[in-house]
Amino acid sequence: MSRVLIVDDDPTFRSYLAELVKLDGHEALEADDGSRAFQMLSASANAFDLLLCDFNMKQMGGYELIRKVRAMDHVRQIPVIMITGTTRRIQPLVEMEGVQYLSKLSLNSDILNAIRKFIKPAAQGGAGSGNPTLPIAPSFHPESGPESASTLRSGQDDASEAAADEPRLDAEEFNILVESADVPEENEPISEDHSSPNSPMRKLVNAILAEAISREASDIHIEPREKEIAIRFRIDGALQSAYRLPARFKGSMPARIKVMAQLDIAERRLPQDGRFSIVVGGDKRVQFRVSTLPSQYGEKVVLRLLRRGKLESDLRQIFTRPHDLHCVEQALKSSSGLILITGPTGSGKTTTLYTMLQNLNEPDVNIITVEDPIEYELPGITQVAVRSDIDFTFAKVLRSCLRQDPDVILVGEIRDQETAEIALKASMTGHLVLSTLHTNSATLAPNRLADMGIKPFLVIGALRLVVAQRLLRLLCPHCKVKTDPRSEEISHLSEDDWTSLKEVYGPKGCEQCKGIGYKGRIPVMEVMPVKSHEMRQMILECVNPDNIARRAVSEGMTTLAQSAINLVKSGQTSLSEALSVYLMD
């Protein structure tokens with residue numbers, strides 16, 4: 001029977017690891033800190049087969065323990081799995097041989113797979129032989145260690161109103177907070193002072209926000225369920241499970257977030273929207289857009305992270321094809337006309353628009369934006385937020401903007417005929433107008449405007465450029481592997497596209513990408529200028545979008561589908577990921 005030494009000063013997590021080890025048919029021995037583990041290793045006549053070790057411990061940390069282990073001849077070669085509260089590698093350990101790194105946020109299966117790399121499961125019993133009973137992981141393990149020293153300050157939209165700095169918490173401190181938090185009984189009014197610096201709920205929420213920022217999440221989902229609260233992060237466009245919290249926080253956690261966003265904590269029956277900002281590390285501001293929704297088991301809260309520093313300022317980072325970049329730059333040099341960015345929600349339209357605005361933002365240019373809501377603050381630009389609750393709509397704000405002597409106007413979204421007509425007429429009277437539209441491709445934009453009731457002659461008189469875009473996940477460069485496409489994937493491709501694919505790569509999963517196989521995203525663009533006589537005539541005659549697409553391709557446009565396949569050819573993304581765009585084109 002293999003012997004595994006588990007070293008962790010958190011008794012809850014140590015017991016959980018011991019249960020996993022025993023279920024795989026191994027003997028589990030425990031130590032509550034590095035000093036005790038060192039004594040056991042020194043005195044042991046029989047070397048252990050594996051060491052599971054926490055990084056942060058009070059008496060002797062994991063790094064110091066492993067250094068001592070490597071100095072002892074009889075245990076020098078023992079494999080080590082370092083279980084850390086941080087999602088990033090601990091720098092001093094990177095060069096240590098025989099050490100694998102695993103996050104405390106890992107699933108049962110991930111931990112078992114890591115153990116099985118070094119020791120095989122016992123032949124009888126245990127999880128390795130099909131036993132489905134696995135221990136429940138501790139509900140929350142926030143990032144800890146030297147890299148988690150970031151501080152948070154929460155406030156409403158002004159740094160001067162930010163609260164006192166809050167340090168990130170380690171697992172033991174958090175578990176104490178969870179047990180001691182003052183949570184009211186069901187249906188009892190929320191009375192806890194959530195703004196107090198010593199509020200356990202405040203520290204809990206801050207720890208979750210800090211973890212989301214460190215993992216570069218775009219959204220945080222706080223979902224009440226029957227017996228727990230699920231916390232999920234959207235990372236690179238995909239939702240990933242993060243934590244499970246006790247069900248007793250269903251009232252107090254949304255209440256804390258409502259306090260930060262200046263919402264009504266007593267109103268739990270109706271949806272609410274708000275925002276707040278925090279300062280990370282003393283200088284970086286991250287804004288959060290908050291949306292609450294009453295559900296079966298309580299209020300679901302979704303927070304969208306808006307990072308000012310994530311905006312690109314170079315169009316070449318978005319439009320990588322020379323033809324596309326030239327078309328965009330020419331359209332932005334126009335003193336009038338309409339530029340449309342199309343695509344579904346979450347495809348990066350707003351980021352592209354803001355990048356264009358930053359390239360237009362000069363001292364002699366008056367730029368006004370009309371947004372719902374304002375997602376990023378841009379210095380030197382007048383930004384106006386739509387407020388539907390007081391009938392301050394896109395159309396009304398747009399009319400007022402035209403009396404403010406603007407050179408460039410950004411309309412967050414064209415949603416109805418009235419807004420579309422004003423935007424198009426403004427673009428024909430000496431204003432450059434940028435906006436978004438919900439269509440699947442650039443060639444469908446004229447038809448979408450026609451569906452809103454816009455006359456074709458207005459469209460060809462105003463429209464200068466249409467850009468359709470998507471975001472595709474990039475394969476992790478550290479672990480991507482050559483793969484054979486599945487037959488159902490091949491069946492979706494044209495013969496020309498399939499025969500052009502010489503090598504196809506797919507995801508595998510490693511420490512760098514947290515086992516996902518993908519890391520980061522890349523925009524896929526379809527750029528259609530509207531400037532040739534033939535193109536304008538086809539729009540005027542409301543020609544079938546497929547014919548417009550063929551004409552645009554003959555003029556140099558690369559379709560979304562072809563752009564996606566090109567990324568597969570270059571090994572940057574998988575065929576399954578590209579098909580999400582290919583099948584919509």
* **Those residues that, when tested against E371, pass salt bridge (charged side-chain N to carboxylate O under 4.0 Å, His left out) (two or more places apart)** =>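 Partners of E371 by the salt bridge (charged side-chain N to carboxylate O under 4.0 Å, His left out) criterion come out as none, since no residue qualifies.
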Any donor-acceptor N or O pair under 3.5 Å, side chains [X], [Y]:
| X | Y | answer |
| --- | --- | --- |
| N566 | S563 | no |
| Y518 | T573 | no |
| E413 | S435 | no |
| S218 | R304 | no |

* Chi angles and distances behind the side chain to side chain contact (heavy atoms under 4.5 Å, CB included) call for L303, F276 -> CA-CA 10 Å; L303 299 94; F276 64 89; 3.8 Å; yes
Taking the side chain as every heavy atom from C-beta outward, state whether [X] and [Y] have any atom pair closer than 4.5 Å.
| X | Y | result |
| --- | --- | --- |
| L305 | F288 | yes |
| M356 | I341 | yes |
| R275 | V290 | no |
| V286 | L306 | no |

* To do: Answer yes or no: is there an ion pair linking R536 with E534, defined by an N-O contact shorter than 4.0 Å?
  => no
* H431 (side chain) donor-acceptor with S336 (main chain) under 3.5 angstrom ->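 Flag not set: sc H431 to bb S336 has no pair under 3.5 Å.
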* **Set of side-chain hydrogen bond (donor to acceptor under 3.5 Å, both in side chains) partners for D273, sequence neighbours left out** => S291
* Asked: In chain order, what residues pass the side-chain hydrogen bond (donor to acceptor under 3.5 Å, both in side chains) check against R464, with sequence neighbours excluded?
  ->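 Expected list: none.
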* Asked: Do L432 and L360 pass the side chain to side chain contact (heavy atoms under 4.5 Å, CB included) test, and can you show the C-alpha distance, the side-chain angles, and the key distance before you say yes or no?
  -> CA-CA 10 Å; L432 182 61; L360 293 170; 4.0 Å; yes
